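Everything on this sheet refers to the single structure shown next.
Predicted, not measured: the structure shown is a model, and the values here were computed from it.
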Amino acid sequence: VELLHDNWNKEISITDLSNVAQVHPKTISKTFPHYFNCTLSEYRRRLKVEKSLSMIKHSKLSLTEIAFECGFYDQSHFTGIFKQLTGFRPK
């Protein structure tokens with residue numbers, strides 16, 4: 001979890017996580033939802049949206065720039081995920 005939080009904007013593979021945790025990648029895939037009530041991918045999207053909230057509140061960056069900084073493909077992708085997780089549009 002620390003690795004995910006510390007590197008929220010970087011691409012971390014399940015192999016990277018399994019090496020740090022010293023378990024097989026399938027173990028992470030199977031047990032992650034048990035502890036976090038979501039998949040690893042969903043957890044990473046939540047982290048990105050959480051970080052984007054701070055950027056929206058405290059920076060003068062455009063939504064396109066924030067989407068890029070948070071690792072989304074484009075503003076449309078960012079807006080869709082943001083609304084899916086929060087129920088609101090980023091603006």
Side-chain angles (χ1 to χ4, degrees):
V1 172
E2 288 178 28
L3 181 66
L4 292 172
H5 281 263
D6 291 344
N7 298 285
W8 65 271
N9 60 344
K10 296 179 183 160
E11 202 55 46
I12 299 172
S13 71
I14 196 157
T15 304
D16 295 333
L17 290 174
S18 68
N19 288 337
V20 169
Q22 298 180 345
V23 296
H24 195 275
K26 286 187 179 184
T27 303
I28 292 175
S29 293
K30 287 182 180 180
T31 60
F32 196 91
H34 175 72
Y35 292 101
F36 296 96
N37 296 318
C38 63
T39 65
L40 177 58
S41 297
E42 177 71 17
Y43 190 82
R44 295 192 68 202
R45 283 190 294 274
R46 288 179 185 177
L47 283 176
K48 290 178 180 183
V49 167
E50 183 180 304
K51 298 296 181 180
S52 74
L53 281 169
S54 177
M55 292 174 126
I56 290 168
K57 289 179 185 176
H58 303 293
S59 78
K60 295 187 183 219
L61 296 173
S62 70
L63 289 180
T64 302
E65 291 169 317
I66 291 171
F68 178 74
E69 289 291 321
C70 292
F72 292 97
Y73 298 112
D74 55 28
Q75 183 179 342
S76 176
H77 181 229
F78 167 62
T79 301
I81 297 296
F82 191 96
K83 185 172 182 188
Q84 177 186 9
L85 294 177
T86 66
F88 301 99
R89 294 191 179 272
K91 276 195 167 183

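- Between atom CD1 of residue I81 and atom CD of residue E42 there is a gap of 7.5 Å, rounded to the nearest 0.5 Å.
- Counting only heavy atoms from C-beta outward, the side chains of D16 and N7 never approach each other to under 4.5 Å.
- Between E50 and R46 there is no salt bridge, since none of the side-chain N atoms of the basic residue sits less than 4.0 Å from a carboxylate O of the acidic one.
- The cluster map of Ile, Leu, Val, Met, Phe, Trp and Tyr, joined by side-chain heavy atoms under 4.5 Å apart, puts L61 and F68 in different clusters.
- Note that the CG atom of N9 and the CZ atom of R44 stand 9.5 Å from one another [nearest 0.5 Å].
- Between atom CG of residue L63 and atom CZ of residue F72 there is a gap of 11.5 Å, rounded to the nearest 0.5 Å.
- Annotation for C70 and K48: closest pair O-CD, 3.0 Å, computed over non-hydrogen atoms.
- Nearest heavy-atom pair across T79 and P90 is CG2-CD, 3.8 Å.
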Check the pair V23, T31 against side chain to side chain contact (heavy atoms under 4.5 Å, CB included), reporting the backbone distance first and the verdict last.
CA-CA 11 Å; V23 296; T31 60; over 6 Å; no

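- How far CD1 of I12 is from CG of L3: 4.0 Å, rounded to the nearest 0.5 Å.
- Counting heavy atoms from C-beta outward, R45 and L85 have side chains that approach closer than 4.5 Å.
- Among residues at least two apart or in separate chains, there is no side chain to side chain donor-acceptor pair (under 3.5 Å) pair with a member in residues 82-91.
- Residue pairs satisfying the side chain to side chain donor-acceptor pair (under 3.5 Å) criterion with at least one member in residues 58-72, sequence neighbours excluded, are listed as follows: S62-E65, T64-Q75.
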If you apply the rule side chain to side chain contact (heavy atoms under 4.5 Å, CB included), what do you find for F82 with I56, and how did you get there?
CA-CA 12 Å; F82 191 96; I56 290 168; 4.1 Å; yes

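- A continuous path of Ile, Leu, Val, Met, Phe, Trp and Tyr side chains, each step under 4.5 Å between heavy atoms, connects W8 with L17, placing both in one hydrophobic cluster.
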Side chain to side chain contact (heavy atoms under 4.5 Å, CB included) evaluation trace for K51 with H5:
CA-CA 10 Å; K51 298 296 181 180; H5 281 263; 5.7 Å; no

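- Shown here are the ring pair (Phe, Tyr, Trp, His ring centres under 6.0 Å) partners of F36, two or more places apart in sequence or in another chain: F32, Y43.
- Residues L47 and Y35 are members of one and the same hydrophobic cluster, defined by side-chain heavy-atom contacts under 4.5 angstrom among Ile, Leu, Val, Met, Phe, Trp and Tyr.
- The minimum heavy-atom distance linking P33 with T39 is given by the pair CG-CA, 4.4 Å.
- Heavy-atom minimum distance, S52 versus I66: CB-CG2, 3.9 Å.
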